[in-house]
Amino acid sequence: MTKHTNEELQTIAITDLAHLKIHGRTTANRTPVTLFWTGSAVELNVQGAELWVEVESAYDHLEPWISVVVNGVPVSRQMLTSGRGWLCIFRGMNPDAVKNVRIIKDVQAMSADPGCLLQFHAVRTDGVMLPVEEKPYRIEFIGDSITSGEGAIGAKTEEDWVPMWFSALHNYTYMTAKALNAEYRVISQSGWGVLSSWDNNPQGNIPAYYEQVCGLLNGERNEQLGALEPHDFSTWQPDVVVVNLGSNDDGAFQSPAWTDPVTGQVYKQRLNEDGTYHEADLAKFEQAVQQFLTKLRKNNPQAHIVWAYGMLGASLLPAIYRAVDGYSKQTGDRLVSILQLPDTTEETMGARTHPGELSHRRAAEVLTAYIRKILK
């Protein structure tokens with residue numbers, strides 16, 4: 001085994017790394033690198049025996065978690081406590097072998113905790129950094145708690161809403177991208193929808209924040225970091241955009257009204273007495289779908305857009321079909337389609353009555369086969 005002392009290791013600021021791959025939307029400021037969204041990551045190819053990273057983490061009540069993937073295989077997962085310090089990624093390994101390392105943000109952007117932070121300042125190694133190979137395809141995933149991987153890890157009996165039960169790896173996004181050898185990004189938030197969140201709050205809709213770096217975050221620090229700035233879509237154009245939204249919009253029909261604490265205005269997606277969707281409110285949802293498709297096309301002019309839905313029921317699927325068909329007829333856009341994903345069963349359920357790893361795997365298999373035909 002090769003042994004080193006800290007004095008033998010070279011410390012390199014993250015901004016000085018010649019070959020650093022950043023996954024996920026972030027800001028132009030790389031001093032340090034901030035990761036916002038689930039599945040975001042820093043990736044390195046290291047030829048050396050030892051690697052450390054200097055990480056800064058903070059939170060008020062929802063702590064960040066990370067997973068470490070070495071040569072395509074997950075090797076560790078951990079909660080980060082508040083503070084700035086060094087994490088050992090590997091040591092004592094063959095100094096001549098090249099290790100591909102990805103350090104992945106395992107939890108979503110925490111809109112409920114303005115104090116949540118994950119940053120990378122530097123690396124320390126005895127080796128050299130080599131270029132990271134570019135993937136042939138790019139996929140963007142947009143969704144809610146399913147896409148955030150809520151409940152994808154943990155026992156079925158777990159009910160606490162805590163970061164521990166989120167996973168970016170036991171997740172159809174990671175599985176699909178890996179199967180297709182694609183680079184990917186995730187835009188997702190638990191409880192949010194196309195028109196409103198599950199509790200009828202109209203501020204909990206993904207489309208309103210899609211054009212910002214990570215606009216759903218709150219707090220002065222996130223604003224200073226640039227999370228609310230416009231996202232530069234020219235820096236990363238996907239081949240495919242997968243939208244997995246609608247489950248929480250359906251939940252809004254089943255939930256009590258939401259009252260805006262500032263204006264006093266009441267919001268409610270209504271059901272008829274027989275339990276069917278109120279026609280006028282269903283039309284609002286369909287309009288929101290069409291408007292989001294218009295926004296997606298404006299920012300991703302060449303991408304094929306797939307509305308993939310059904311992992312927690314497919315009650316709104318007819319409405320999604322009408323909305324997508326109406327959008328296509330109005331615009332002539334033919335690069336839009338719908339894919340029904342396998343529903344989660346008792347067998348495939350995970351924690352917090354959300355899809356478990358098996359459900360994510362089944363969805364990934366269906367989605368992978370579908371996207372593979374698109375990419376041909």
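Values below: every heavy atom of this structure, side chains too, minus hydrogens, waters and symmetry copies.
Between Trp192 and Tyr209, the ring-plane angle classifies as tilted under the 30° and 60° cut-offs.
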task: Might you work through the side-chain hydrogen bond (donor to acceptor under 3.5 Å, both in side chains) test for Thr348 and Thr345, ending with a clear yes or no?
output: CA-CA 5 Å; Thr348 62; Thr345 64; 3.3 Å; yes

- request: Would you check, one step at a time, whether the test ring-ring contact (aromatic ring centres under 6.0 Å, His included) holds for Phe292 with Tyr327?
  value: CA-CA 10 Å; Phe292 191 31; Tyr327 163 81; over 10 Å; no

- request: Just do the side chain to side chain contact (heavy atoms under 4.5 Å, CB included) check on Tyr184 and Phe141 with the steps written out, would you?
  value: CA-CA 7 Å; Tyr184 77 106; Phe141 297 92; 3.9 Å; yes

message: Using side chain to side chain contact (heavy atoms under 4.5 Å, CB included), reason through Val123 and Leu51 one step at a time and then give a plain yes or no.
response: CA-CA 7 Å; Val123 302; Leu51 175 69; 4.2 Å; yes

message: Could you go through Lys284 and Asp281, starting from their C-alpha distance and side-chain angles, then the distance that decides it, and tell me whether this counts as salt bridge (Lys or Arg N to Asp or Glu O under 4.0 Å)?
response: CA-CA 5 Å; Lys284 292 179 184 177; Asp281 292 337; 3.6 Å; yes

query: Is there a side-chain hydrogen bond (donor to acceptor under 3.5 Å, both in side chains) between Glu43 and Asn100 once you walk through the steps?
result: CA-CA 7 Å; Glu43 182 179 4; Asn100 176 263; 2.8 Å; yes

- prompt: How far apart are the C-alpha atoms of Ile338 and Tyr309, what are their side-chain angles, what is the distance that settles it, and do they pass the side chain to side chain contact (heavy atoms under 4.5 Å, CB included) test?
  reply: CA-CA 8 Å; Ile338 298 170; Tyr309 171 71; over 6 Å; no

query: side chain to side chain contact (heavy atoms under 4.5 Å, CB included) between Arg77 and Trp65: does it pass, once the steps are laid out?
result: CA-CA 7 Å; Arg77 179 176 188 263; Trp65 283 68; 3.4 Å; yes

- request: Output, in order, the C-alpha distance, side-chain angles, deciding distance and verdict of side-chain hydrogen bond (donor to acceptor under 3.5 Å, both in side chains) for Asn200 and Ser255.
  value: CA-CA 7 Å; Asn200 285 285; Ser255 301; 5.2 Å; no

- request: Could you check Trp52 against Glu50 for side-chain hydrogen bond (donor to acceptor under 3.5 Å, both in side chains), going step by step and ending with a plain yes or no?
  value: CA-CA 7 Å; Trp52 297 67; Glu50 190 165 337; 2.7 Å; yes

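A donor-acceptor contact shorter than 3.5 Å links the side chain of Gln237 to the backbone of Asn299. Under a 3.5 Å cut-off, the side chain of Lys105 and the backbone N or O of Ala168 do not form any donor-acceptor pair. Under the 3.5 Å distance criterion, the side-chain polar atoms of Lys178 are left unmatched by any main-chain donor or acceptor of Thr173. The backbone N or O of Leu296 sits less than 3.5 Å from a side-chain atom of Asn300, completing a donor-acceptor pair. Proximity of a side-chain donor or acceptor of Arg185 to a complementary backbone N or O of Trp37 within less than 3.5 Å is not detected. With hydrogens and angles ignored, the 3.5 Å screen pairs a side-chain donor or acceptor of Asp113 with a backbone N or O of Leu62. With hydrogens and angles disregarded, no donor-acceptor distance shorter than 3.5 Å links the side chain of Asp106 to the backbone of Ser167. A side-chain donor-acceptor contact under 3.5 Å links Ser328 to the backbone of Asp333. Between the side chain of Gln290 and the backbone N or O of Glu286 there is no donor-acceptor pair closer than 3.5 Å. Side-chain atoms of Glu223 do not come within 3.5 Å of backbone N or O of Leu228 as any donor-acceptor pair.
For the atom pair Glu347 CD and Arg362 CZ, the distance stands at 4.5 Å (nearest 0.5 Å). Note that CG of Leu80 is 10.5 Å distant from CG of Leu117, once rounded to the nearest 0.5 Å. If you take CG on Asp250 and CG on Leu316, they are separated by 4.5 Å, rounding to the nearest 0.5 Å. Expressed to the nearest 0.5 Å, how far OH of Tyr277 lies from CG of Leu271 amounts to 7.5 Å. Put simply, NE2 on His360 and CG on Leu367 are 12.5 Å apart, with the number rounded to the nearest 0.5 Å. Of the inter-residue distances, the one linking Met349 atom CE with Ser359 atom OG reads 8.0 Å to the nearest 0.5 angstrom.
Here the closest non-hydrogen pair linking Gln212 and Ala227 is CB-O, 4.1 Å. Contact between Ser188 and Asp144 at its shortest, heavy atoms only, is CB-O, 3.6 Å.
Taking the side chain as every heavy atom from C-beta outward, Leu339 and Trp307 never approach each other to under 4.5 Å. Two residues are said to be in side-chain contact when any heavy atoms from C-beta on lie closer than 4.5 Å; Ile66 and Leu87 meet this criterion. For the pair Tyr137/Val240, no side-chain contact is recorded, criterion being any heavy-atom separation below 4.5 Å from C-beta on. Using a 4.5 Å heavy-atom cutoff, the side chains of Leu225 and Arg221 are in contact. Using a 4.5 Å heavy-atom threshold, the side chains of Met175 and Thr368 count as separate. For the pair Met129/Val46, a side-chain contact is recorded, criterion being any heavy-atom separation below 4.5 Å from C-beta on. Annotation: side chain of His354 is in contact with side chain of Ser145 (closest heavy-atom distance under 4.5 Å). Residues His23 and Ile104 have side chains not in contact (no heavy-atom distance under 4.5 Å, counting atoms from C-beta outward).
Both tests do not hold together for Arg352 against Trp165: distance to the six-membered ring centre under 6.0 Å, angle to the ring axis within 45°.
No more than 12 heavy atoms of other residues, nucleotides or ligands shown are found within 6.0 angstrom of CD on Glu133. Surrounding CZ of Arg361 are at most 12 heavy atoms belonging to other residues, nucleotides or ligands under 6.0 Å away. Within a 6.0 Å radius of CD in Glu211, other residues, nucleotides and ligands contribute more than 12 heavy atoms. For Trp258, the CH2 atom sits in a packed shell: over 12 heavy atoms of surrounding residues, nucleotides or ligands are nearer than 6.0 Å. By the 6.0 Å contact criterion, CD on Gln78 is enclosed, its count of non-hydrogen atoms from other residues, nucleotides or ligands being greater than 12. Glu279 CD: 12 or fewer foreign heavy atoms inside a 6.0 Å radius.
Between the side chains of Glu150 and Trp161, a donor-acceptor pair is found at a separation under 3.5 Å. With no hydrogens or angles considered, a side-chain donor-acceptor pair links Thr276 and Asn272 at under 3.5 Å. Donor-acceptor pairing under 3.5 Å is recorded for the side chains of Thr147 and Tyr172. Looking only at atom types and distance, the side chain of His170 has a donor-acceptor partner in the side chain of Glu357 under 3.5 Å away. Side-chain contact of Gln269 with Ser196: a donor-acceptor pair under 3.5 Å is absent, judged by distance alone.
Between Arg124 and Glu54 no salt bridge is recorded (no basic side-chain N to carboxylate O distance below 4.0 Å).
Connection of Tyr321 to Val366 is not established within any shared hydrophobic cluster, with ILVMFWY side chains joined at heavy-atom distances below 4.5 Å, either directly or through further cluster members. There is no path of hydrophobic side-chain contacts, each under 4.5 Å, that joins Ile187 to Met110. No chain of hydrophobic side-chain contacts below 4.5 Å, direct or via other Ile, Leu, Val, Met, Phe, Trp or Tyr residues, connects Ile22 to Trp236.
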